[in-house]
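Some notes on the structure that comes next.
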Amino acid sequence: MHLPSELRTKLSSVKSKILIRALYVLIIVYTVFVTISMWRANQHTVDMFEYPYQVTRSVSEIQARLNEMGHTIPFIMGNTDSFEDIVEVLKMQEEEQNRSLEFLEHHFRGDPKEYQQLMQDFSNIKEQRRKLALETVGKNKDEVLRMYQEQVAPYFDVLDKTLSKVSANADARSAEIKAQAQRLIDSVIITTCLFGLLLVGFLWYVLNSEERAHKAIRHREQLFNILSHTVDEVFIIFNKKLKPEFISSNSERVLGTKSNDLLRSKGDFAVRLMEDSNDLLRSKGDFAVRLMEDITASLSDQINLEEAFQIREKDFQCEGINRQFKIRFYPILEASGEAGYIVVVSDETEAQEQKRILSDSLNNALSASVAKSRFLSHVSHEIRTPMNAIIGMATIALAKINDKPKVEDCLLKISQSSRHLLGLINDILDMSKIEENKLTIAADEFKFSEAVTSVVNLIAPQASEKNIKFDVVFNDEIEETLIGDAMRLNQVLINILSNAVKFTPEGGEVKLIVNRLWIKQNTVYLQFIVKDNGIGMSPEFQKKVFDPFEQASVKISSIYGGTGLGLSITRNLVLLMGGSISVQSQEGLGSEFSVELPFGFTNEENTAPHGLGEFKVLVVDDDIGTCEHACLILKRLGQNTEFALDGYKAVEMVKESRDEEHPYDVVFIDWKMPGIDGEETARRIRKLEGLNLLIIIMSAYDWAPIEESAREAGVNSFVAKPFFANSLKAALMSVDKEVQTKTALAAPDMYDFTGKRVLLVEDNVFNQEVAQEFLSMAHVETDTAENGQIAVKKFFESPVGYYDAILMDIQMPVMNGYEATKKIRASSHPDAVSVPIIAMTANAFTEDVSLSLSAGMNAHLSKPLDMLCIYKLLEQTFKGKEKTSSNDKNFEKGAKSE
């Protein structure tokens, strides 16, 4: 287990303290042990002197006196006859002996019985000596000596034996004390040696521990120096008197002044600052000096509060220096209180800048997140709107399955709503592609009239639903066939027009104006102006109206809905198409978007169809631009054209023309006009002319709601705005019959691919059924495969020329379309290279087409499938294959003839 360095340091410090205290205890114990041992040794010496030695000496003295007493008695008794003199001599000898016995008694440590026996023996001798002295009075010396030997000498022998025994015991005791002393000396020597070794080992361990601790401290100091050289934090230590005692070595790099220069004064730093300020402030380190002065002042203020020192921090920025510092104050606490202060000075300049950048990024991210959240909450509504139309029209079509016109109308609207839904999905995908810089623009030929008509067919119902007047005005005749990206053009116009309708209140007006700016070589610049009289935009919002996920306000978003993506995508699309977009708006007065785009064009001339005669035509519309544009087209078709700006004028002109015997052959009348509308104008003209002229209602809206009443009013047909040469030609050709102007679906009967076999590779059962139905309507035989692996197997097992084409989905389980195509192209099958493989996928971007072609496919179909596109592509594919087969056969014939 690894302990934190701080805990290891604390434990090491505690350990050192314990070791030092243990050393003190050991020294004290050793001293006490030696002292006690010396005392005991001394005690043994005292004991040896006081008892064995003194006893032995006393015994020797007693024995010497006994010898003296033994020889004295016969001598005394033989030289005197006085009993009193004899007793007096004996008494003197006994007193001396008694003193020796008393001395012996005082130093005797043996068995008390031995001393009692000694006293008894001595008492016996005294008694026998007195008795002998009494009996020998008057006797001669020899007789006294004999009586002494018989009566007293035995008692002296007994006493001598007792004294010898006491002396022997004293000697034994002396030997025992000597042995004890020797054992004590040996134990002291051994203990001293062991203690010395222990003390040496302990001292070595303590010194080694201290050395390790000092080494760790030096290592930490080295690490601290390395740290201080790398970090932008200067460490300053102040003592209690606010004198700086240490400044880390990185002060020169961070503050511009060496630490030694800041520490060179021994006095109060703040005083030194004041004294040296004039010189220091002119030096390179003047900033550091002012910083130190601020630190000292802050510490002084904190201490003067007479409260507990609080860890705190403050910011510091010196005038004239674009650097930001943060100062942190920490007290150095000891048991006695505060011992000093640590100040950490951090250079926060880069950190503050990074913080500002991160804050800006966070604000941007939060804004984007909020906008995306609004997007997610609103996109459901945007998806449900066309889905509602699809489901509703499908329900109506099923309910009126036998009403062919109604079913056709429902199918047309389902198709339009489906394309709108697809466009919404494409918006989301486009936004992703735009953010990844992967969006590309196509350069294909397209019919301009069809592109604009599809836009009008989608916008007009929206305008009609809100009772908004919607007009499309062409101020110039536009080339019929252009080169560019029709889908992106539609996307741009639909986005802008949908917003215009959305933000225009009921009864308002939305107008699309198309101008041809100029032509240069094979490029024509068109200007599309979308004007409305809706709620408009504030100047602030106009600056960010093209930013993604931006909406004017939460209130407007909740009222009008929308994703906030449309205009952002529109701007990016316009820029990618090489054009420009701008907006002018006033709150409450409406907005005007202007888009300028370049297109290539082909030099095709519009000629009147064969058999088209010259007619006198009246155009009635309250918009003069529409009238002039229609008249321009009709005049180029060779027609005699006039126009009127309201219904009253039109009725008057029809009446005048009839009176002048130059009646009108055709009258084009706008449906919605002030005064009297198109239906009432038609009724009045029909009342004047009867059935002598053709009346056609012009409208940018779905005329189904008024069709029945319009025909009752005398209207022969309907034509959709905006006008194009082809639509007006068709209207003029129908002078003698009614014309259905609704766009019909492509008739399968136009294509017959009998005898052709296609391998359909599709994992989705529903999509497989739709594709099979489309192919069977053109009499194509179909084999199916659920994934690329099955498709490869079926192709490998097929005979030569069995499949005329392969329709290949891309995203499939087991094996995708790219892998399956590569395996087919790399195989040894005779048709591996020649069989046409057509991608059939929901991946609809230009780069997806490139991926399909690079995998070995011949063409690319985007889902949802368009039946007419499938037929046209198959027709081109089959013709191309037949031409290739024919060339191969001719080549083989030529090779054989050679």
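Reckoned from all heavy atoms, side chains included, excluding hydrogens, waters and symmetry mates.
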Could you tell me whether Asp623 and Lys511 make a salt bridge, using a distance below 4.0 angstrom between a side-chain N and a carboxylate O?
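Yes, charged N to carboxylate O under 4.0 Å.
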One thing to verify: whether Lys469 and Asp471 come together as a salt bridge, which I'm taking to mean a side-chain N less than 4.0 angstrom from a carboxylate O.
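Result for this pair is yes, salt bridge flagged.
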Does the side chain of [Y] come within less than 4.5 Å of [X]'s, by heavy atoms?
{"X": "Ile581", "Y": "Thr570", "answer": "yes"}
{"X": "Leu597", "Y": "Phe599", "answer": "yes"}
{"X": "Leu526", "Y": "Ile478", "answer": "yes"}
{"X": "Val501", "Y": "Ile468", "answer": "yes"}
{"X": "Leu497", "Y": "Val530", "answer": "yes"}

Under 3.5 Å, side chain of [X] to main-chain N/O of [Y], donor-acceptor pair present?
{"X": "Ser852", "Y": "His860", "value": "no"}
{"X": "Lys531", "Y": "Val510", "value": "no"}
{"X": "Ser776", "Y": "Glu773", "value": "yes"}
{"X": "Asp485", "Y": "Ala442", "value": "yes"}
{"X": "Tyr871", "Y": "Leu775", "value": "no"}
{"X": "Asp670", "Y": "Met673", "value": "no"}

Let me see the working for Lys447 and Thr481 under side chain to side chain donor-acceptor pair (under 3.5 Å), right down to the final yes or no.
CA-CA 5 Å; Lys447 297 296 183 182; Thr481 303; 3.1 Å; yes
Can you see whether Glu509 engages Thr504 through a side-chain donor-acceptor pair at a distance of less than 3.5 angstrom?
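Not at all, the side chains of Glu509 and Thr504 share no donor-acceptor pair under 3.5 Å.
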Say you draw a straight line from CG of Leu573 to CE of Met487; how long is it, rounded to the nearest 0.5 Å?
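Interatomic distance, Leu573 CG to Met487 CE, rounded to 0.5 Å: 8.5 Å.
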Run the side chain to side chain contact (heavy atoms under 4.5 Å, CB included) test on Glu592 and Ile529 for me, step by step, so that the C-alpha distance in whole Å, both residues' side-chain angles and the decisive distance to 0.1 Å come before the verdict.
CA-CA 7 Å; Glu592 178 178 315; Ile529 299 175; 3.7 Å; yes
Can you classify the ring geometry of Tyr525 versus Trp518 as parallel (below 30°), tilted (30 to 60°) or perpendicular (above 60°)?
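Geometry flag for Trp518 against Tyr525: parallel rings.
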Please work out which of the three classes, parallel, tilted or perpendicular, describes the rings of Phe474 and His629, given edges at 30° and 60°.
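Parallel.
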